[in-house]
*Asks:* 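The structure under discussion is supplied below as structure tokens; questions concerning it will follow.
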Amino acid sequence: MKLALRLEGKIREVFEQVRYMLAVSGETVISKVTLRQFLSGNRGVDLLLSDVSYVDPFNGLHYRGLTIKQVLQQLPKPEGSSFPYAGGLYAFLLTGEIPSLEEALEVEDIWKSRAALPHYVIDMLKAMPSDTHPMTMLSQAILALQSRSKFVIEYGNGLKREDHWKATLEDSLDLTAKAPSLAAAIYNIKYGNRAIRSIDGSLDWSANFAHLIYKDWDEQYQELCRLFFALHADQGTGNVSAHTACLVNSALSDVYYSCSAAMNGLAGPLHGRANQDTLEWLLGILSENEGKLPSKKQVEAYVWDTLERGKVIPGYGHAVLRCTDPRYAAQLEFGKQYMPDDDLFQLVKMLYEIVPAALKKQGKAKGVFANIDAISGTLQYHCGIKEFDFYTVLFGVGRMLGITINLIWNRALWLPLERPQSITVEMLQDRISAQEVSGDRYL
Ligand code: NMX
Ligand code: MLT
């Protein structure tokens with residue numbers, strides 16, 4: 001595999017660099033933690049290593065140093081499409097080099113050859129109770145594939161540490177190849193008992209999802225799939241889903257265990273499920289106004305009612321971002337092009353004018369701007385995916401791209417078992433007292 005050969009060279013370079021830093025500067029302090037940070041989920045504490053992406057609080061997501069706009073411009077695209085091959089994005093995030101068309105297609109071809117789902121996974125999904133949340137189905141289906149892990153077999157046969165990344169790469173390609181098929185199987189089984197399709201060899205990975213849910217006629221939806229999966233791929237590794245995967249994988253649990261666990265984190269309303277909750281909330285606003293677009297005043301009243309009931313405004317705020325999420329902006333452009341007159345899209349734009357000011361006035365949220373979930377469901381809904389409890393599965397399909405790449409790199413860099421220390425309240429109090437005496441404000 002040419003991809004693995006290119007990656008091997010990169011890994012050698014970065015491995016040496018990290019080992020050298022560790023040997024020469026091992027005791028250098030790179031981050032300090034205040035008591036407030038300690039009790040606020042370690043916000044703003046630099047604790048994780050990843051070159052794959054970085055979230056700048058004021059400029060948002062960067063994939064390998066490039067903005068989202070640059071990435072969408074520079075990666076190879078299928079003929080006639082405005083959005084890149086996911087295979088090209090994968091190669092780029094993995095190696096840090098913009099791939100040629102041929103290099104993007106190498107990943108697409110590998111995925112095509114590994115996309116089929118084993119029958120027992122489909123049978124298992126069909127056997128689950130009909131009220132099972134699609135994220136539970138996704139997590140279970142990934143876990144069901146775990147018995148196929150090449151890492152586990154090779155580890156059992158004495159796999160050397162320097163080769164852990166190679167088996168992780170194999171598992172990663174196997175799982176990501178199946179991700180659209182898994183999501184489509186869940187969709188087809190849960191919402192209509194439709195037959196499970198095989199991929200269309202003439203379509204790329206992203207557009208194949210449209211084909212698998214019987215929307216191959218819908219070029220607009222194929223375009224949305226390409227954009228959607230690209231935008232959801234990575235967001236640093238501090239977010240709950242990626243961090244969970246990295247933590248689980250640090251015990252040398254394989255890619256399947258790690259990604260299944262990641263999906264359980266993504267299923268939470270403060271994380272990926274916010275796309276489902278946003279759509280439900282938007283439909284609630286419309287239905288209060290008998291399905292018609294409400295006035296600005298009515299929307300403001302709805303926003304305040306939500307806040308006064310102690311609820312969060314889904315799709316707004318962020319643990320890191322202090323600006324509008326560029327992933328929101330990229331989707332806004334898509335909406336302007338394809339659905340400018342859609343009522344939900346109009347409502348999304350109204351909220352963008354209203355919510356940040358309301359959150360500022362309320363004075364609690366540190367990030368008040370729109371995040372990726374403020375709009376993603378609206379685009380799906382317009383394209384006919386009305387089953388909004390499914391949206392987080394689509395987030396998961398995209399996120400598996402970034403997560404698996406981080407796992408490959410974590411194994412390549414020999415990142416050890418994650419094991420921070422916990423301390424008792426009494427110990428915390430003692431440290432505060434000791435430092436109040438010494439005048440040092442840091443723990
Ligand atoms: N609406 C109402 N209150 C909010 C919001 C919001 N959108 N965002 C933050 N707050 C509140 C938050 O609940 C907290 O309240 P309290 O002090 O009573 O606990 C306070 O403001 C301070 O929170 P922050 O430090 O600004 O936010 P934090 O970093 O803890 O959390 C989120 C970040 C994303 C969890 C939070 O902004 C939120 O709940 N947003 C709505 C849900 C959402 O859109 N999640 C998706 C995030 C992106 N993703 O895809 O994962
Ligand atoms: C994400 O894409 O993971 C979300 O924006 C949440 C985060 O970054 O913490």
Side-chain angles (χ1 to χ4, degrees), residues 34 36-45 47-48 50 52-57 59-63 68 135 228-246 259 262-282 302-331 348 351-352 354-378 391-403 406:
T34 64
R36 189 176 310 286
Q37 288 174 308
F38 181 79
L39 292 177
S40 312
N42 293 318
R43 292 291 183 287
V45 186
L47 280 175
L48 302 166
S50 174
V52 180
S53 71
Y54 173 71
V55 183
D56 180 310
N59 289 302
L61 176 61
H62 288 69
Y63 283 156
I68 288 301
M135 282 302 282
F228 188 100
F229 296 139
L231 294 181
H232 285 78
D234 209 36
Q235 169 88 341
T237 53
N239 66 80
V240 168
S241 47
H243 186 198
T244 302
C246 293
C259 282
M263 294 305 116
N264 299 338
L266 191 67
L270 298 186
H271 192 15
R273 188 191 155 120
N275 60 11
Q276 165 182 340
D277 291 352
T278 300
L279 212 282
E280 194 169 2
W281 188 69
L282 294 176
Y302 201 90
V303 167
W304 278 106
D305 178 63
T306 303
L307 290 175
E308 276 155 15
R309 280 186 293 120
K311 296 192 159 192
V312 295
I313 307 290
Y316 280 81
H318 199 273
V320 178
L321 292 174
R322 299 297 174 256
C323 63
T324 297
D325 192 332
R327 301 171 300 172
Y328 171 92
Q331 294 179 94
V348 163
L351 286 161
Y352 184 74
I354 291 168
V355 175
L359 287 176
K360 264 186 207 154
K361 196 165 173 195
Q362 192 202 32
K364 285 206 306 181
K366 293 180 203 71
V368 297
F369 299 100
N371 65 51
I372 190 166
D373 301 313
I375 185 168
S376 58
T378 294
Y391 296 166
T392 313
V393 170
L394 294 175
F395 191 149
V397 169
R399 184 51 53 93
M400 277 190 255
L401 299 174
I403 285 179
N406 277 294

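Every number for a ligand or one of its atoms is a count from 1 in the order of the listing. These numbers were taken from a predicted model, which means no experiment stands behind them. In what follows, residues are counted from 1 in the order of the sequence shown.
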*Asks:* Checking a contact table here: which protein heavy atom is nearest atom 10 (N) of ligand 1, and how many Å away?
*Replies:* Ala365 CB, 3.6 Å
*Asks:* Grab the two heavy atoms, one from Cys323 and one from Pro57, that are nearest each other, plus how far apart they are.
*Replies:* SG-O, 3.5 Å
*Asks:* Return the minimal non-hydrogen interatomic distance between Gly238 and His243, and the atom names on each side.
*Replies:* O-CB, 4.0 Å
*Asks:* Using a 3.5 Å distance criterion without hydrogens, assess whether the side chain of His318 forms a donor-acceptor pair with backbone atoms of Asp325.
*Replies:* no
*Asks:* At what distance is the nearest protein heavy atom to atom 4 (C) of ligand 2, and which residue and atom is it?
*Replies:* His318 NE2, 3.7 Å
*Asks:* Determine whether any protein heavy atom is located less than 4.0 Å from atom 47 (C) of ligand 1.
*Replies:* yes
*Asks:* Backbone N or O of Ala274 within a donor-acceptor pair of the Asp373 side chain at under 3.5 Å?
*Replies:* no
*Asks:* Mind checking whether Gly315 has an N or O less than 3.5 Å away from an N or O of ligand 1?
*Replies:* yes
*Asks:* Could you tell me which atoms of ligand 1, counted from 1 in the order shown, lie closer than 4.0 angstrom to a heavy atom of Leu307?
*Replies:* 2 (C)
*Asks:* Do Asn275 and Thr392 make a side-chain contact, defined as non-hydrogen atoms from C-beta onward lying under 4.5 Å apart?
*Replies:* yes
*Asks:* By number and element, which atoms of ligand 1 are closer than 4.0 Å to a non-hydrogen atom of His318?
*Replies:* 33 (C), 34 (C), 37 (O)
*Asks:* Tell me whether Lys311 has any N or O atom under 3.5 angstrom from an N or O of ligand 1.
*Replies:* no
*Asks:* Applying a heavy-atom cut-off of 4.0 Å, say which part of Val240 lies close to ligand 1: side chain, backbone, both or neither.
*Replies:* neither
*Asks:* What atoms of ligand 1 come within less than 4.0 Å of a heavy atom belonging to Ala319?
*Replies:* 29 (O), 33 (C)
*Asks:* Does Tyr63 reach the side chain of Asp234, with side-chain heavy atoms less than 4.5 Å apart?
*Replies:* yes
*Asks:* Are any of the N or O atoms of Val312 closer than 3.5 Å to those of ligand 1?
*Replies:* no
*Asks:* Tell me the closest heavy-atom pair linking Arg327 and Leu231, and the distance in Å.
*Replies:* CD-O, 3.4 Å
*Asks:* Of all the non-hydrogen atoms in the protein, which one sits nearest to atom 39 (O) of ligand 1, and at what distance?
*Replies:* Leu270 CD2, 3.4 Å
*Asks:* If you measure from each heavy atom of His232 to ligand 2, is any distance below 4.0 Å?
*Replies:* no
*Asks:* For atom 29 (O) of ligand 1, grab the closest protein heavy atom and report residue, atom and distance to one decimal in Å.
*Replies:* Arg43 NE, 2.9 Å
*Asks:* With a 4.0 Å heavy-atom cut-off (strictly under), which part of Asp373 contacts ligand 1: side chain, backbone, both or neither?
*Replies:* side chain
*Asks:* For atom 50 (O) of ligand 1, is the nearest protein heavy atom under 4.0 Å away?
*Replies:* yes
*Asks:* Could you check whether any side-chain N or O of Gln235 sits under 3.5 Å from a backbone N or O of Val55, counting only pairs where one atom can act as donor and the other as acceptor?
*Replies:* no
*Asks:* For the side chain of Asn371 and the backbone of Gly317, is there at least one donor-acceptor N/O pair under 3.5 Å apart?
*Replies:* yes
*Asks:* As a test of the contact definition, would atom 14 (C) of ligand 1 count as having a protein heavy-atom neighbour under 4.0 Å?
*Replies:* no
*Asks:* If you compare all heavy atoms of Cys246 against all heavy atoms of Asn406, which two are closest, and at what distance to 0.1 Å?
*Replies:* SG-CB, 4.4 Å
*Asks:* Just let me know how Asp277 lines up against ligand 1, side chain, backbone, both or neither, with a heavy-atom cut-off below 4.0 Å.
*Replies:* neither
*Asks:* For His62 and Tyr54, I'd like to know if the aromatic rings sit close, meaning centre-to-centre distance below 6.0 Å.
*Replies:* no
*Asks:* Nearest non-hydrogen contact with atom 16 (P) of ligand 1 belongs to which option: Gln362, Arg273, Lys364?
*Replies:* Lys364
*Asks:* Hey, do the aromatic rings of Phe369 and Tyr328 have their centres closer than 6.0 Å?
*Replies:* no
*Asks:* Which residue and atom name correspond to the protein heavy atom nearest atom 9 (O) of ligand 2, and how close is it?
*Replies:* Asn239 CB, 3.4 Å
*Asks:* Tell me whether Arg327 has any N or O atom under 3.5 angstrom from an N or O of ligand 2.
*Replies:* yes
*Asks:* Could you tell me which non-hydrogen atom of Ala245 sits nearest to which non-hydrogen atom of Ala262, and how far apart they are?
*Replies:* CB-CB, 3.9 Å
*Asks:* Check whether Gln37 reaches the backbone of Thr34 with its side chain - one donor and one acceptor, N or O, closer than 3.5 Å.
*Replies:* yes
*Asks:* Counting heavy atoms only, which part of Asn371 comes closer than 4.0 Å to ligand 1: side chain, backbone, both or neither?
*Replies:* side chain
*Asks:* Search all heavy atoms of Leu401 against all heavy atoms of Phe229 and return the closest pair with its distance.
*Replies:* CD1-O, 4.2 Å
*Asks:* Considering non-hydrogen atoms of the protein only, which is the closest contact for atom 42 (C) of ligand 1, and what is the distance?
*Replies:* Pro269 O, 4.0 Å
*Asks:* So, for atom 33 (C) of ligand 1, does the protein have a heavy atom nearer than 4.0 Å?
*Replies:* yes
*Asks:* For ligand 1, is any non-hydrogen atom under 4.0 Å from Ile372's backbone (N, CA, C, O), its side chain (CB onward), both, or neither?
*Replies:* side chain
*Asks:* What is the nearest protein non-hydrogen atom to atom 1 (N) of ligand 1, stated with its residue, atom name and distance?
*Replies:* Ile313 N, 2.9 Å
*Asks:* Name the closest protein heavy atom to atom 26 (O) of ligand 1, giving the residue it belongs to and the distance to 0.1 Å.
*Replies:* Lys366 N, 2.6 Å
*Asks:* If the cut-off is 4.0 Å to any non-hydrogen atom of Phe395, which atoms of ligand 2 fall inside it?
*Replies:* 2 (O)
*Asks:* Mind checking whether Ala274 contacts ligand 1 via backbone (N, CA, C, O), side chain (CB onward), both or neither, at a 4.0 Å heavy-atom cut-off?
*Replies:* side chain
*Asks:* Quick check: does any side chain N or O of Ser53 sit under 3.5 Å from a backbone N or O of Gly236, one acting as donor and the other as acceptor?
*Replies:* yes
*Asks:* Suppose we measure from atom 3 (O) of ligand 2 to each protein heavy atom; which comes out shortest, and what is that distance?
*Replies:* Arg399 NH1, 2.8 Å
*Asks:* Could you tell me which atoms of ligand 1, counted from 1 in the order shown, lie closer than 4.0 angstrom to a heavy atom of Phe395?
*Replies:* 50 (O)
*Asks:* N/O of Leu359 under 3.5 Å from N/O of ligand 1, yes or no?
*Replies:* no
*Asks:* Please write down residue, atom name and distance for the protein heavy atom closest to atom 41 (C) of ligand 1.
*Replies:* Tyr316 O, 3.3 Å
*Asks:* Do Met400 and Met263 have side chains that approach each other closer than 4.5 Å (heavy atoms only, starting at C-beta)?
*Replies:* yes
*Asks:* Side-chain contact, heavy-atom cut-off 4.5 Å: Val303 with Trp281?
*Replies:* yes
*Asks:* Considering only heavy atoms of Gly367, which atoms of ligand 1 have at least one such atom less than 4.0 Å away?
*Replies:* 26 (O)
*Asks:* How about Tyr391 and Thr278: does a side-chain donor come under 3.5 Å of a side-chain acceptor?
*Replies:* no
